[in-house]
2 protein chains.
Amino acid sequence: MTTSARKSTRVEKTGITKKGPSSTGADSGRARAGASPASRPRSKKGGTTGGSGLSKERIISAAIEQIDRNGLMGFSLRDVARSLGVYPSAVYWHVATRDDLLASVVEATMADVAPEPGKLSWQDWLRELFSRCREVIRRHPNVAQLLGGHLVANASLSPGMIDRILSVLVAAGFKNDQIVDMYNVVIATMVGFSTLEFASMPTDDPAGWAAQLQEKVSSIRALEFPTLARYLPAMANRSFIVRWQNGTDAAMDSSFRAYVETAIAGMERALARA
Amino acid sequence: MTTSARKSTRVEKTGITKKGPSSTGADSGRARAGASPASRPRSKKGGTTGGSGLSKERIISAAIEQIDRNGLMGFSLRDVARSLGVYPSAVYWHVATRDDLLASVVEATMADVAPEPGKLSWQDWLRELFSRCREVIRRHPNVAQLLGGHLVANASLSPGMIDRILSVLVAAGFKNDQIVDMYNVVIATMVGFSTLEFASMPTDDPAGWAAQLQEKVSSIRALEFPTLARYLPAMANRSFIVRWQNGTDAAMDSSFRAYVETAIAGMERALARA
DNA sequence: ACCTGAACACCGTTCAAGT
DNA sequence: ACCTGAACACCGTTCAAGT
């Protein structure tokens, strides 16, 4: 069991016609009814904010717990509701949809990835950004598979992070016509390696699966794939595809470093060309 | 609706006790019962192989069609079965599980990404590899989100591809202690950018969602995020996070090129250091 | 404003039974 | 060997109704 996805309701029609909560759906303006808690000012009255009432925050952290424990496959709104002792429908007052909740999970885990700018060289700043992102993914490996899908184009990510990346690039000396491309390079580099490194293994029976893959690996015909056969001992469980544990159990530190240094060296080269 | 995932059966117990099909589950050896079609020699008898019978191939291509049309969210085994005019349980004779089918989908789409080695410089060979992979993802964008989870450690990927990558790296002149790291860099680079570029947008209502994000973008406070505000016109819909279409409708060609060239330049640098 | 309770239309997977 | 048919234990989401 790895990535994959499901849904019951085939297509959500429009999303406009609905009555109360979750304005997220359709209209351009978000200041529509003012009713939806999804967009209301949070904890404005103070008081017992930590009380027994539900809240989006509480739901999000319950969701993160669920995902950390059961994986993305085992994740369900109903489980979250159960763990909070409420009816599934109660969750829907605070969350527009299952996917909305997952987007919030990504947002919550990725907050504060971007270091403060100014104190480090642009190279070191990027190194720090990349390792922080990797740390987040290491701590919540099952969220990794969400990153690709949600971080791409999303309200989730704080404009602050974008602003910081851009200003670091500008300070580094990249020309105006390079900035956007380099920004995209940074984002892709930030998540590219680690999402693979910590992607969850595709089974509920790790032991059997590991054995199966090891056997498959050992049955590779050296005559047909000589180079692979030669490097197999060095690669086994230390490289993508040819491994039976993920980054949680078999970290790929040196390759991650190589990936980061490759990217930075490449960027230095792009800088020199301008 | 974007990534996310679901499952009904909480945990699949063991997987061993089962009777017939899909030996994939547990034991290390795969030559157990000989009954499971999942591991049987394909189309050995010849004859009307293209007849009316089911087959894993037929199921896989039906699945790909489904995924291309309805996205990963709308994908279900039952729909696949429906489109083939059979009962859901019939699919289970050929496929161990829903996730097994998805792994096969990845395998099928990613076959033949690796160019033949020998005719190109290692740099051009990698350029070709990366663009081919991007082409596959462009053609099957909804499969993209599967890549991260399935390509990582998987029987899916042919040893041939691994062998070719390795031999290109060796021919390029990388030292023995660099090969594995560089292989990992290549794999991560291969899928890193494009999976983001073509990640599906998180809604069933693209128009409304686009409007919403555009409004959100235009409401960014220039005082708080000056650099972002400055580059916003250049970035809008052309960069990660700040966009409302994915690579299908708004390709990111120049950034992809920058990403590839950055990686290659970085690898040249690593080569020079040795 | 926020939640209960029940319902609807789906799932993946299993298992006997047919042919 | 391969498929039908029915069942099981789940889903996400909606909607009235309570408080």
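Each chain gets a letter, A, B and so on, in the order its sequence line appears, and its residues count up from 1.
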>> Any heavy-atom pair between the side chains of A/Thr248 and A/Phe198 that's under 4.5 Å?
In response: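 Touching, per the 4.5 Å side-chain cut-off.
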
> With a 4.5 Å limit on heavy-atom distance, are the side chains of B/Met110 and B/Met161 in contact?
Replying inline: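 A side-chain contact under 4.5 Å is absent here.
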
What's the [atom1]-[atom2] distance between [X] and [N], to the nearest Å?
X	N	atom1	atom2	value
A/Arg58	C/dC2	CZ	C1'	14 Å
A/Asp99	D/dC11	CG	P	17 Å
A/Phe75	C/dG12	CZ	C1'	18 Å
A/Ile59	D/dG12	CD1	C1'	15 Å
A/Met73	D/dC10	CE	C1'	13 Å
B/Trp93	C/dC15	CH2	C1'	13 Å
A/Leu84	C/dC2	CG	P	16 Å
A/Tyr92	D/dA17	OH	C1'	19 Å

> Once Watson-Crick and G-U wobble pairs under 3.5 Å are found, how is DNA chain C written in dot-bracket notation, 5' to 3', with | for any base paired to another strand?
Replying inline: ||.|||||...|||||.||

> Should A/Lys56 and A/Asp100 count as an ion pair when the cut-off is N to O under 4.0 Å?
Replying inline: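 Judged by the 4.0 Å cut-off on N to carboxylate O distance, A/Lys56 and A/Asp100 do form a salt bridge.
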
>> Regarding A/Glu135 and A/Arg132, does a basic nitrogen lie under 4.0 Å from an acidic carboxylate oxygen?
In response: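 Salt bridge absent between A/Glu135 and A/Arg132.
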
>> From the set C/dC3, D/dC11, D/dT4, return the single nucleotide nearest to any side-chain atom of A/Ser76.
In response: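 Ranking C/dC3, D/dC11, D/dT4 by closest atom to the A/Ser76 side chain puts D/dC11 first.
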
>> Measuring from the side chain of B/Leu77 (C-beta onward, heavy atoms only), which nucleotide among C/dC3, C/dT13, C/dC11 has the closest atom?
In response: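 Looking only at heavy atoms from C-beta outward on B/Leu77, the closest nucleotide is C/dT13.
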
> With no hydrogens and no angle check, is any side-chain donor or acceptor of B/Asn237 less than 3.5 Å from a backbone partner on B/Gln245?
Replying inline: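 Between the backbone of B/Gln245 and the side chain of B/Asn237 there is a qualifying donor-acceptor contact (under 3.5 Å).
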
Can you pull every protein N or O that's under 3.5 Å from an N or O on nucleotides 6-8 of chain D?
none

>> Show the nearest heavy-atom pair for residues B/Arg134 and B/Glu197, with the distance to one decimal.
In response: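 Heavy atoms of B/Arg134 and B/Glu197 come nearest at NH2-OE2, 2.8 Å.
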
>> Can you confirm whether or not the ring centre of A/Phe193 sits under 6.0 Å from the ring centre of A/Phe240?
In response: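 Yes, ring centres under 6.0 Å apart.
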
>> Around atom CG of A/Asp112, are there more than 12 heavy atoms from other residues, nucleotides or ligands closer than 6.0 Å?
In response: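 No - once you tally the heavy atoms of other residues, nucleotides and ligands closer than 6.0 Å, there are 12 at most.
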
>> So for atom CG, which belongs to A/Asp68, do other residues, nucleotides or ligands contribute more than 12 heavy atoms lying within a distance under 6.0 Å?
In response: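 Enclosed.
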
>> So, does B/His94 get its side chain near the phosphate of D/dA1, meaning an N or O under 4.0 Å from OP1 or OP2?
In response: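 So the side chain of B/His94 is outside the cut-off, no N or O lying under 4.0 Å from OP1 or OP2 of D/dA1.
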
